[in-house]
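Below: one structure, written as structure tokens.
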Amino acid sequence: MHKWQLEKLARVLVKTGVNIQPGETLVLQTDTTAIDLAREITKEAFAAGAADVEAFINDAEIDHLKALNCTPEKLKELPEWKKESIDSILRTGKGVQMGVRASRPSINADVPDANLKAQAFAGNELRNVVRNYIHQGTLKWTGTVYPSMEWAKKVFPEFDDETAYQKLEDAICKMMRVDEDSDPVENWKKHCEELSVRSKKLNDLNFKSLHITSELGTDITMDLVENHIWCSAGEMGAQNVNAPYVANMPTEEVFTDPDFRSVNGIAYASFPLFINGKLVTDFSITFKDGKAIDCAASSNVEFLKEALFRDETTRCLGEVALVSKKSPIKQMGRVFYNGLIDENAACHLAFGASFPDCVKNGTAMSKEELLEIGVNFSVSHNDFMIGTDDIKVVGITHDGQEVTVMEHGDFVI
Ligand code: ZN
């Protein structure tokens, strides 16, 4: 990457992403592939007044060797000190968290399934340390991506290595609203305001339920949680933190909590998805009275099953998110094989945990109170894309009126 690209990415991640304030400590979880950006972020964080930057740096090659050579039992263990190293910073209330990951979509192709699943299990346990604070609404956090050569070749297979890599760099900068002649922080301010207009419209409509259909075969209904809030990057951090922040960069979605007990019908995935390290393709999930009861896929269905049917909470929905086909990411016309990017190219659902901050006063409510109104609690959260160019979303109001929200893949409200 060019120096100016690294500098601008770092600036927008620090200023807009976690919006670090003087005296705070940045917990930076990253890997060696993204080290150039990690260093720039560290510089920028200190310039913004950070008290400290603690970088937790993995290496994909070393993790691959561990996945090949350790037993599944060993891989599944997450030592207490690893959790504690992050938790001890976050529980002071002075920590902010940023994840910068370079996708390596094929690095684990030779790892046995049992080892992959075990490694993914431990990774999820570690994420739950951070997720715990996210659910309390007390943490400013953001996650982003960084290019790798292997990833670039997967997304742009028709080009030579160098061109593919550059195309991925450019695509990432573009979706991060980083270009040569404008200030990305200003660009994001504008973008967040636009997303807020959309979430406000949906909040004013205060739907009781949604009905989503597409020509792929999706036909699914769900109630929304009572007092739900449609959130977007424009609303993040209104609750229990000292400054607005943007979780997930890029982001193009407006999202809320479905009542996890009310989901019925079938959802067909419109993008392939890596689940616990394996690519699951052409899949569908059938729900009855809130619970996933069946699923199918043209490859690696057992990885989908393992994630979906892990327990009674992972088989229920935790998120519904609307994204227009006019999203700049969708307009790039590529599958990125990366959840963070692809979920911002299409409407999506997630099975597993809901977001308490998508409910009015949700972060002040107890787990029991939230469960009572249909907010799902779970050990994982797996987004999957259902958006197509013909997707239709109809909202049903409390007095029974039907309002078309999206038609032919785009918003009509
Ligand atoms: Zn989402």
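In each ligand, atom 1 is the first atom listed, and ligand 1 is the first ligand listed.
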>> Does either side chain, that of D87 or that of Y133, offer a donor lying less than 3.5 Å from an acceptor on the other one?
In response: yes
Below 3.5 Å, can you tabulate the donor-acceptor pairs from side chains in residues 92-105 to any protein atom, sequence neighbours excluded?
residue	atom	partner	partner atom	Å
T92	OG1	I89	O	2.6
T92	OG1	K94	N	3.1
Q97	NE2	Q29	OE1	2.6
R101	NH1	T30	O	3.2
S103	OG	N338	ND2	2.8
R104	NE	E150	OE1	2.8
R104	NH2	E61	OE2	2.9
R104	NH2	E150	OE1	3.4

> Which residues and atoms, protein N, O or S only, are under 2.8 Å from the Zn ion (ligand 1)?
Replying inline: E253 OE1, E319 OE2, H348 NE2
> Among pairs that include at least one residue of residues 165-222, which meet ring-ring contact (aromatic ring centres under 6.0 Å, His included), considering only residues two or more places apart or in two chains?
Replying inline: W188-H191
> In terms of the angle between their ring planes, are H381 and F355 parallel, tilted or perpendicular, with boundaries placed at 30° and 60°?
Replying inline: tilted
> Of all residues at least two apart in sequence or in a different chain, which pass the side chain to side chain contact (heavy atoms under 4.5 Å, CB included) check with L216?
Replying inline: S214, Y268, S270, T388
> Which value, rounded to the nearest 0.5 Å, describes the distance between D31 atom CG and F56 atom CZ?
Replying inline: 14.5 Å
